[in-house]
Amino acid sequence: MLKRIDHVGVVVDDLFRAKKFLESLGLTFEFERELPERQVRAAFYRCGDGRIELIEPTTPEARARRLGEGNRARIEHIAVEVNETITGAMEAVRGLGVDFTTPQPVAIDGNLNIFTRPDTCEGIQFQLVQPGAAPCAQPAPN
């Protein structure tokens, strides 16, 4: 059902500083984008076969909800590529008692994605990803 880790999403207080740190570690910058509908800016860095997504909330409400009080960074989710279809993976994990944050997968950058509710999977939020299964939107310019 699950193929590989696609990326780990890390919510950060300061995207600029977090990017500089990952670059100092020698990680390769892929792209940056702003998602106003999700109230975030994000940057992706290649790390071997996977990626690290840095996520900076853009409003005080989003910052409080996603980062919490006094935190500079925290791991938010683990994105996992599914073996076949996202709907098949959803059915399989629903059978384990897992629920999702939305009723249907959403399209992000040409992929279908759905997030689990952490309270239904031992406190861990997973993002299931089916690459190339949705119309591709252009990433925001850097």
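Computed from a predicted structure; not experimentally measured.
With hydrogens and angles ignored, the 3.5 Å screen pairs a side-chain donor or acceptor of Gln130 with a backbone N or O of Ile86. With hydrogens and angles disregarded, no donor-acceptor distance shorter than 3.5 Å links the side chain of Asn71 to the backbone of Ala73. Under the 3.5 Å distance criterion, the side-chain polar atoms of Asp14 are left unmatched by any main-chain donor or acceptor of Val12.
When all heavy atoms of Pro103 and Met90 are compared, the pair lying nearest together is O-CE, 4.1 Å. The nearest pair of heavy atoms linking Ile114 to Pro105 is CD1-N, 3.9 Å. Across Lys3 and Asn83, no two heavy atoms sit closer than the pair CB-OD1, 3.4 Å.
Residues Arg41 and Glu32 are not paired through a salt bridge, judged by the lack of any N-O separation under 4.0 Å between the basic side chain and the carboxylate. At a threshold of 4.0 Å, the pair Asp13-Arg72 does not count as salt-bridged, since none of the basic side-chain nitrogens sits closer than that to a carboxylate oxygen. A salt bridge is defined here as a Lys NZ or Arg NE, NH1 or NH2 lying under 4.0 Å from an Asp or Glu carboxylate O, and Glu91 with Arg94 fails to meet this definition.
Separation of the Phe126 and His77 ring centroids does not fall under the 6.0 Å cut-off.
Side-chain contact between Asp99 and Thr116 is absent, with no heavy-atom pair separated by less than 4.5 Å. Contact annotation: the side chain of Tyr45 approaches that of Lys19 to within less than 4.5 Å [non-hydrogen atoms, C-beta and beyond].
Counting non-hydrogen atoms of neighbouring residues, nucleotides and ligands closer than 6.0 angstrom, the CD atom of Glu122 reaches no more than 12 such neighbours.
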| message | Run Arg66 and Glu76 through salt bridge (Lys or Arg N to Asp or Glu O under 4.0 Å) and show every step you take. | response | CA-CA 8 Å; Arg66 296 183 81 168; Glu76 180 185 68; 2.6 Å; yes
